[in-house]
Amino acid sequence: MNDSFGYKTGIPYVMQLRMSFGAKGSIISSLLRGIPAIVWYGFQSWIGATALNEILKIVAGIDQQFMCFIVMQAVQIVLSFFGFKAIKWVESIISVVIMLALLYVFYILLSQHSAEIVSTWVDAEGTWGIEFFGFIMAFMGNYAAIFLSAADYSRELEPGISHGKRGLLYFCPIALAYGTVLCIGAMLASVTGISNPAKAIPMVVNNPSISVFISAFIVMGAVAVNMVANIVPPTYVTVLLTKVRYRMAVIITGVLAVCSCPWILVQDSSAMGLTYFILIYSAFLGPIVAILLIEYYILRKQEIDIATIYSSKESMPGYNKAAILAMCLGAVAAFLEVKLAWCLGFFVGGIAYYFLMKYTSLGAGFRTDI
């Protein structure tokens, strides 16, 4: 639903925020989107660097993962100069090859390691209670930032695509591709004891040529994911905050991703901390998504004056206190049960924003037909 705004207007996420949060308030909500994306940028780059390092070890006997990481960052920065469309055709090829490679790994896991998988998955004790739903919320939180800045992606689509077809464009990759990756990744971890797929796959495949082939596409897959989800959106935020040109903002974002220290985040000892990081930022992103949806569909009834959004700050003054308060109320509710953070924050933040805008004076300066 949140993609409709960007698709119809061509306006990016950082400008969409102005409608609800105001010219200054949008800075706060932009940072809440940009910081997680930068962390994931570094994380994905390190996974890609691990795969690149595996290739070098097999082909040349070289083990220099940090050097590979720097190379990955440099390549992605250059590609990002040209935006989403720079690797559009590459992504289509990468997605197909990676899925085929994962299905091959899936076959090996079932044919050669079924006993370990049965003991770990089938015979394992579990619960359908709060722990299960906490995992689901972590899954949603992983995509919460993408849901939030959907306008950045939908504005790149060709005109004439129906709402239903756009929904399928988002649902299929998330439900099918991500679900497959998650399932096979968990199976790999249970068999090898290694959570990093770039290291686990060569151990299971045990064929240097195939390992090089698969690792090469993991490298390209990491680049593709970063280009779509983790580089361009925080770059727009950097432009908003610093007023630098787009290419300089790309470089700054890349440097900040290095500073996130992904080599620590990928450690198995950091897995629980990373999960809670996802749940904590979801506590804020859930309410922001709800606020944007309430604003666009209910309060403004999808009627937007683009010129006004880009005009002087007087038209979107300062901070919308109603939006800030609703976001905080949603976050507080989310922290009451952090394992359900995104869901609780979404509903409480959305309801709070509607009533604050309709029945209080906190958002009086934003009750204009835009």
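Hydrogens, waters and symmetry mates are skipped; everything else that's a heavy atom, side chains included, is used.
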* To do: Test side chain to side chain contact (heavy atoms under 4.5 Å, CB included) on N320 and I324 and set out the steps.
  => CA-CA 6 Å; N320 182 355; I324 300 295; 5.8 Å; no

* Can L292 and F5 be said to form a side chain to side chain contact (heavy atoms under 4.5 Å, CB included), step by step? -> CA-CA 9 Å; L292 294 180; F5 177 87; over 6 Å; no

* **Step-by-step side chain to side chain contact (heavy atoms under 4.5 Å, CB included) determination, L17 to I288** => CA-CA 9 Å; L17 289 170; I288 296 175; 4.1 Å; yes

* With side chain to side chain contact (heavy atoms under 4.5 Å, CB included) as the test, would you mind laying out the steps for I201 and S211 before giving the verdict? => CA-CA 7 Å; I201 287 177; S211 295; 5.7 Å; no

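In this structure, the side chains of V105 and M187 stay at 4.5 Å or more apart for every pair of heavy atoms. Counting heavy atoms from C-beta on, the side chains of P262 and Y41 never come closer than 4.5 Å.
Applying the salt bridge (charged side-chain N to carboxylate O under 4.0 Å, His left out) test to every pair with at least one member in residues 186-197, sequence neighbours left out, gives no pairs at all. For residues 50-62, the pairs satisfying salt bridge (charged side-chain N to carboxylate O under 4.0 Å, His left out) are E54-K57, with sequence neighbours left out. Residue pairs satisfying the salt bridge (charged side-chain N to carboxylate O under 4.0 Å, His left out) criterion with at least one member in residues 278-297, sequence neighbours excluded, are listed as follows: E295-R300.
For F43, the ring-ring contact (aromatic ring centres under 6.0 Å, His included) partners two or more places apart in sequence, or in a different chain, are W40. Partners of N226 under the side chain to side chain donor-acceptor pair (under 3.5 Å) rule, at least two apart in sequence or in another chain, are S45, Q76, N230. Under the side chain to side chain donor-acceptor pair (under 3.5 Å) criterion, S30 pairs with no residue at all, not counting sequence neighbours.
With 3.5 Å as the limit, one finds no donor-acceptor pair spanning the side chains of E116 and S190.
Rounding to the nearest 0.5 Å places CD1 of I294 at 7.0 Å from CG of L299. Here the CD1-CD1 distance, from I218 to I47, works out to 9.0 Å after rounding to the nearest 0.5 Å. Rounded to the nearest 0.5 angstrom, I28 CD1 and L31 CG are separated by 8.0 Å. Atom CZ of F69 is separated from atom CD of Q64 by 15.0 Å, given to the nearest 0.5 angstrom. Taking CG of L188 as the start and CG of L102 as the end, the distance is 8.5 Å to the nearest 0.5 Å.
The closest donor-acceptor contact from the side chain of S260 to the backbone of A257 lies under 3.5 Å.
The number of heavy atoms from other shown groups lying within 6.0 Å of CE (M248) does not exceed 12. Summarising the local packing, CZ of F355 is surrounded by 12 or fewer heavy atoms from other residues, nucleotides or ligands at distances under 6.0 Å.
What you find for A283 and P287 is that their closest heavy atoms are O-CD, 3.0 Å.
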